[in-house]
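Here is how names work: the chains are called A, B, and so on, in the same order as the sequence lines, proteins then strands, and each is numbered from 1.
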Amino acid sequence: MSVHNNEIVEIFSRVADLMEIKGENSFRVRAYREAARVIGDLSEQAAQMVEEGRDLTEYKGIGKDLAEKIREIVKTGHLTLLDSLEKEVPPSLLDLMKIPDIGPKKVAVMYRELGIKTMEDLKQALADGKISSVKGFGEKTEQKIFASISMPKKGSVPRMLWYDAEPSALAFKQYLGAIPHVDKVYLAGSFRRGKETVGDLDVLVVCEEGYEEAVMDAFVGFEEVHHVYEKGTTKSSVLLRNELQVDIRIVPLASYGAALHYFTGSKAHNLAIRKLAINKKVKVNEYGVYDGSKQIAGKTEEAVYAAVGLPYIEPELRENLGEIEAAKAGMLPALIERGDILGDLHMHTTRTDGRNSLAEMAQAAKALGYEYIAITEHSQKVSMAGGLNEKDLRDYMEVIDALGEEIDGIAVLKGIEVDILPDGGLDLPDSVLKELDIVIGSVHYQQRFPVKQQTNRIVKAMDNPYLQILGHPTGRLLNKRDPMDVDLEKIIAAAKEKNVALELNAQPDRLDLPHPYCKLAADTGVKIVVSTDAHSTENLKRMKNGITEARRGWLTKENVVNTRPLGKMLAMLRR
DNA sequence: GCCGTTTTCGGCCCGACTGTTTTCAGTCG
């Protein structure tokens, strides 16, 4: 049984937390956290690297010692260091760190002074009025702990889909923009980076000097605000009724570029930029870039980057996953844009589980300015959705052709989303598949096979000469279902060899292919199709979300098949 | 514990807010 990257991440994070409570050197703690982040962002399995005898220290943040610890985890399934830490520090203390404003130091003191190990112990101590007697704890802290024991900690509420956060974000932006003396409002953070899910909303405000306090008052007075975590003159933090956490910062106009950069993150990107700045003997903070006490940049993001010797880096790339090195080398990709897309190759109609008719879908796509669409219903195996058998499909192909005759200005292609069967066969015979313009193959059932079996199943499906696109390759549903256990490196290699394209499914809870693999696929020379899998005319607009993920995956117009005009697109998909 | 066109030792991003202090530590992002 092979160890997954996320298990290594979990172990390193636990080690870091326990060390912190123990009072270990904070830089050592940071090294474990950094290593956890690096492993979490890998687009390959560390276990496989270990098996192949490859050197893990090639990744920045993994040194000799941590590489050896990863090897131990892969070989034995656990880490001796963690085992001994858990003997010294009760793991139940980690639960206490989830309380707002309670960190490792306070947990350690409560444990040492009062023997508090669990949430129950803490409640008892509160009931006995013991907390405020401890050095460093006062009345307010006691009350705060009492009040917040039931309140979700900042950042502990489940991350919301970007798509679900967008309406609140825009509403909030509008509300803030209407406050008197507010000049500019920006949505920064992971929302601006287009991350699939957002943990909180970071809002940046520029207002007329002297009105900061009034603006903050208005901010926390927003009717959707459920709880105020903290409130100052330049920085405040609240929880909305819909469980979205919002942080706001007010900055002077002269600093807004630096603040926007700082507040957009990611944290890892910012750290790397600040290190670059140190090498150049300048300092970067949210107010600007400083040479001594002199501000040399800050008004725009471009100027901030220029001050550390870099060209502008798009927000979607700011994850410290190679973008800084690429920027230094002048190798940043020209990211794909929504306007580059000429057609949508994956959608359903009322013939199976869609909500709009064929004609409605075609008209809606035409209104979006597309040159072509493909109608790709489910195949028979997906009976829940009313999937089509061979005869149904042939009948529907005639209907599609008839509509094509009728409607001007958009090509309506005949397609199918054919089910990939457990043995790697396809759910419809070649005799009908070969008559279609677009054949997407997708896995819908038996998603819990072991990794080898699942990978072989998909690779075998790609042997079918009529399969052109592998649909939603991992099967993940964000916040609902984990991705299948598949070896995506192998699948990408097979896609290259067999000339099959991979879908980047734009459904907001799929965004599948995930961005690290978009990058790997593009680097390997595998073609990508960005498509919506729309089940209604409204869904067609979700192309935007797919394009954001594509940008996070470094994709350019050239990497994506459906940026080509009809004839070229079809030629590219031909095998 | 990691890392290095100034370094293999001595650094390690930077600042706001809060509470308990009486000049600062802890927490957070």
Side-chain angles (χ1 to χ4, degrees), chain A residues 12 15-17 19-21 23-38 56-70 81 96-110 131-145 148 153-156 188-190 198-204 212 216 228-238 245-251 255 258-259 261-290 308 320 328:
Chain A
F12 281 179
V15 167
D17 285 342
M19 277 183 171
E20 219 172 5
I21 294 174
E24 276 275 5
N25 178 311
S26 61
F27 298 110
R28 193 175 170 215
V29 173
R30 186 190 295 178
Y32 277 90
R33 288 206 200 292
E34 179 63 11
R37 191 191 68 81
V38 169
L56 284 150
T57 63
E58 73 180 57
Y59 288 105
K60 220 170 154 186
I62 310 288
K64 225 178 139 191
D65 185 272
L66 286 176
E68 182 51 41
K69 291 203 163 60
I70 292 169
L81 173 66
L96 299 179
M97 289 223 299
K98 292 185 183 130
I99 301 166
D101 302 315
I102 298 296
K105 295 283 178 3
K106 286 210 164 81
V107 164
V109 171
M110 290 194 293
I131 295 294
S132 59
S133 66
V134 181
K135 189 167 174 279
F137 289 65
E139 282 293 314
K140 288 217 170 177
T141 307
E142 185 175 83
Q143 285 167 17
K144 224 172 167 178
I145 293 175
S148 61
K153 181 172 186 157
K154 278 189 7 173
S156 74
S190 50
V198 296
D200 58 15
L201 196 61
D202 296 296
V203 185
L204 195 62
E212 291 83 359
M216 278 304 184
V228 179
Y229 286 114
E230 59 186 22
K231 175 171 174 272
T233 51
T234 64
K235 179 184 171 184
S236 295
S237 179
V238 301
Q245 186 195 314
V246 184
D247 295 337
I248 187 173
R249 279 291 276 268
I250 300 180
V251 297
S255 295
H261 177 260
Y262 167 76
F263 234 9
T264 297
S266 65
K267 191 170 175 173
H269 176 88
N270 287 351
L271 283 176
I273 293 290
R274 287 179 180 194
K275 278 184 188 165
L276 257 187
I278 290 171
N279 289 340
K280 292 198 176 295
K281 305 273 188 235
V282 296
K283 185 177 79 171
V284 175
N285 61 26
E286 55 263 57
Y287 298 109
V289 184
Y290 292 87
V308 295
N320 197 25
K328 268 190 210 161

Can you tell me if the side-chain N/O atoms of A:Thr234 get under 4.0 Å from OP1 or OP2 in B:dC17?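 Yes, A:Thr234 has a side-chain N/O under 4.0 Å of OP1/OP2 on B:dC17.
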Across the strands shown, which category fits [X] at heavy-atom distances under 4.0 angstrom: base, sugar-phosphate, nothing?
| X | result |
| --- | --- |
| A:Glu139 | sugar-phosphate |
| A:Val29 | nothing |
| A:Ser132 | nothing |
| A:Lys140 | sugar-phosphate |
| A:Gly265 | nothing |

Atom NZ of A:Lys231 with >12 non-hydrogen neighbours under 6.0 angstrom: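 Check passes, neighbour count above 12.
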Candidates A:Arg33, A:Lys105, A:Lys106 - the one meeting salt bridge (charged side-chain N to carboxylate O under 4.0 Å, His left out) with A:Glu20: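 When salt bridge (charged side-chain N to carboxylate O under 4.0 Å, His left out) is applied between A:Glu20 and each of A:Arg33, A:Lys105, A:Lys106, only A:Arg33 qualifies.
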Encode nucleotides 1-11 of chain B as B, S and - characters from 5' to 3', where the letter depends on protein heavy atoms closer than 4.0 Å: B to the base, S only to sugar-phosphate, - to neither. BSS--B-----
Please report, rounded to the nearest Å, how far the C1' atom of B:dT20 is from the NZ atom of A:Lys144.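 Nearest whole value for this atom pair: 12 Å.
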Length of the NZ-P vector between A:Lys135 and B:dA25, whole Å: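 Rounded to the whole Å, the gap is 10 Å.
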Scan every strand shown for a Watson-Crick or G-U wobble partner of B:dC24, both distances under 3.5 Å, and answer none if you come up empty.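 B:dC24 is paired with B:dG19.
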